[in-house]
Amino acid sequence: MAKWTPKHEAPEPLEGPVVATITGGTIVWFVLFLVQLPFYGWFADHGHTWWLWTCLTGAGLGVVGIWYVRRRDAAIKRAARREETSAAGGHPASRD
């Protein structure tokens, strides 16, 4: 069996509105938690409280994700500015 080799270059990864996407997902998880909260008794009676805690965990991890992607986005923009400055013949910015 021959080893598979690509016939063309892989496309560049897509960069979309990452911060907005993560924020939207976090809001959805938190809204799902709030919608299920009044039914806690039913979930407890039927052994499904994990549904509630899964939504809360998704919202909590989403908050961490928002923090992460905002810092990543800021770092990408800083690097682009530095590259632009050095390409224009200016002095590169000092390190943070």
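Treat the numbers as computed from the prediction; the structure is a model and nothing was measured. Numbers for residues simply follow the sequence, beginning at 1.
Here the CG-CZ distance, from D73 to R78, works out to 10.0 Å after rounding to the nearest 0.5 Å. Between atom CG of residue L61 and atom CD1 of residue I66 there is a gap of 11.5 Å, rounded to the nearest 0.5 Å. With rounding to the nearest 0.5 angstrom, the CD atom of Q36 is 7.5 Å from the CH2 atom of W51. In this structure, F33 CZ and T57 OG1 are separated by 9.5 Å, a value rounded to the nearest 0.5 Å. Note that the CG atom of L32 and the CG atom of L56 stand 11.5 Å from one another [nearest 0.5 Å].
One hydrophobic cluster, built from ILVMFWY side chains closer than 4.5 Å, cannot hold both W53 and F39; they sit in different ones. One hydrophobic cluster, built from ILVMFWY side chains closer than 4.5 Å, cannot hold both W50 and L37; they sit in different ones.
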Only distances under 3.5 Å count here; give the side-chain donor-acceptor pairs of residues 12-30 to other protein atoms, sequence neighbours excluded, each with its distance to 0.1 Å.
from: E15; atom 1: OE2; to: R72; atom 2: NH2; distance (Å): 3.1
from: T21; atom 1: OG1; to: P17; atom 2: O; distance (Å): 2.8
from: T23; atom 1: OG1; to: V19; atom 2: O; distance (Å): 2.8
from: T26; atom 1: OG1; to: I22; atom 2: O; distance (Å): 2.8
from: T26; atom 1: OG1; to: G62; atom 2: O; distance (Å): 3.3

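Heavy atoms only, all atoms of each residue included: Y40 and L52 are closest at CD1-CD2, 3.1 Å.
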